[in-house]
Structure formats: structure tokens, C-alpha cells
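Heavy-atom basis, side chains included; hydrogens, waters and symmetry copies ignored. Every value quoted in this text rests on a predicted model; they were computed, and no experiment measured them.
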Amino acid sequence: MKAQIDHIGIAVGDLAEALKFYRDALGLEVEAPEEVASQRVRAHFIPAGEAALELLEATADDSPIAKYVAKRGPGLHHITLRVDDIAAALAQLKARGVRLIDEAPRPGAHGSLVAFIHPTSAHGVLVELKQVVG
């Protein structure tokens, strides 16, 4: 499986405060937000070289990001690796005994397909696989 870093997800509790740092202090450009209804989250991508930062803002109190921020506070949420064939990558990982959160890909931001690997199999890091479609 060949993969490259696509983006780093950062859970935020207060988007306005996060933007004061990433946009205003660092001078980074923030793309228009995209709502991912299935995850009850609004994603704000910030291009940074060949990869990006993704500020994740909960849109519902029971969303995974809201629960994450309530339990751990804002901060690094996940890293995303871009793969050419997400179904093949998941099959390869499963065959190697890797614990998956998603057995099959699901819709993600930017019209992509995504799937998550459980942190217990990735040394405490939530890893997202992403396949660009179209």
C-alpha cells in the first residue's frame, strides 16, 4: 500500500479562537467550510504545502468531534493518509490483523471516500484513510 499525508485533523471547541491563530496570527488561508452531515461536523481546510490542516467544528452536541472535545479538549484529532484504492487498503490491513473502525469506506469531505483505523492498532493515533474520487 502506497500512501502519503493528505491532512491533519484538529478538533476545535471554538472556531473563532482557532481562526485567530491559524488565519490571523499565522496568515494561512482557510478554504470555505464544508459540512459533512454524516459526521455532524463542519470541516475548514487550510492548505499547507502538499498537505493541509483540517479544523473540525462539531455541528451537533452528540457528534464524534463534540464528544472528543468534551473528553480530551481541543487538539490533534487524526492524521489522514491518501491511498489510491481504499477498499484494497482496508482488505490488506484487515488481513494483517489491524483493527478497523470502518470495514468499508464511507463518504468524506471533498467528495472523497474515507475509513478510519482504530488507534489501538496505530500506537494511539487515529488514522484516516482517504481516496480521492472523480
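Within the 4.5 Å cutoff, no side-chain heavy atoms of V41 are placed close to those of S63. Side-chain atoms of I65 and Q39, non-hydrogen and from C-beta on, never get closer than 4.5 Å to each other. Contact check for L129 versus L93: side-chain heavy atoms found under the 4.5 Å cut-off.
Follow the hydrophobic side-chain contacts under 4.5 Å out from M1 and you never reach V114; the two are in separate clusters. Linking ILVMFWY side-chain heavy atoms closer than 4.5 Å, directly or via other members, places L55 and V69 in two distinct hydrophobic clusters. At a threshold of 4.5 Å between side-chain heavy atoms, the hydrophobic network of Ile, Leu, Val, Met, Phe, Trp and Tyr places I117 and V83 in one connected group. In terms of hydrophobic clustering, with Ile, Leu, Val, Met, Phe, Trp and Tyr side chains grouped at heavy-atom distances under 4.5 Å, F45 and V30 are assigned to different clusters. Residues I8 and Y68 do not share a hydrophobic cluster, defined by chaining ILVMFWY side chains whose heavy atoms lie under 4.5 Å apart.
Contacts classified as salt bridge (Lys or Arg N to Asp or Glu O under 4.0 Å) and involving residues 118-127 (residues at least two apart or in different chains) are not found. Counting only residues at least two apart or on different chains, the side chain to side chain donor-acceptor pair (under 3.5 Å) pairs with a member in residues 2-11 are D6-R82, D6-K130, H7-E54, H7-H78, H7-T80, H7-E128. For residues 33-50, the pairs satisfying salt bridge (Lys or Arg N to Asp or Glu O under 4.0 Å) are E35-R42, R40-D62, R42-E57, with sequence neighbours left out.
Annotation for A66 and A60: closest pair CB-O, 3.4 Å, computed over non-hydrogen atoms. The heavy-atom pair separating A52 from P47 by the smallest distance is CB-CA, 4.1 Å. Between A3 and L81, the closest heavy-atom pair is CB-CB, 4.0 Å.
Environment of CG in D85: crowded, with over 12 heavy atoms of neighbouring residues, nucleotides or ligands closer than 6.0 Å.
Interatomic distance, NZ of K67 versus CG of D61, reported as 10.5 Å (0.5 Å rounding).
Scanning for salt bridge (Lys or Arg N to Asp or Glu O under 4.0 Å) contacts around R106 gives D102, with sequence neighbours left out. Taking the salt bridge (Lys or Arg N to Asp or Glu O under 4.0 Å) definition, one finds that E31 meets it with nothing, sequence neighbours left out.
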Practice item. Apply side chain to side chain contact (heavy atoms under 4.5 Å, CB included) to I79 and I5, showing your working. Key: CA-CA 8 Å; I79 63 166; I5 293 178; 5.9 Å; no

Exercise for review: Determine, step by step, whether I101 and L126 satisfy the side chain to side chain contact (heavy atoms under 4.5 Å, CB included) criterion, reporting the C-alpha distance in whole Å, the side-chain angles of both residues, the deciding distance to 0.1 Å, and the verdict.
Suggested key: CA-CA 10 Å; I101 292 174; L126 179 61; 3.6 Å; yes

Contacts table for residues 10-26: side-chain donor-acceptor under 3.5 angstrom, sequence neighbours left out:
| unit_1 | atom_1 | unit_2 | atom_2 | d |
| --- | --- | --- | --- | --- |
| D14 | OD1 | A16 | N | 3.2 |
| D14 | OD1 | E17 | N | 3.2 |
| E17 | OE2 | K20 | NZ | 2.9 |

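Without hydrogens or angle criteria, S121 side chain to R99 main chain gives a donor-acceptor distance under 3.5 Å.
A donor-acceptor pair shorter than 3.5 Å cannot be found between the side chains of S112 and H110.
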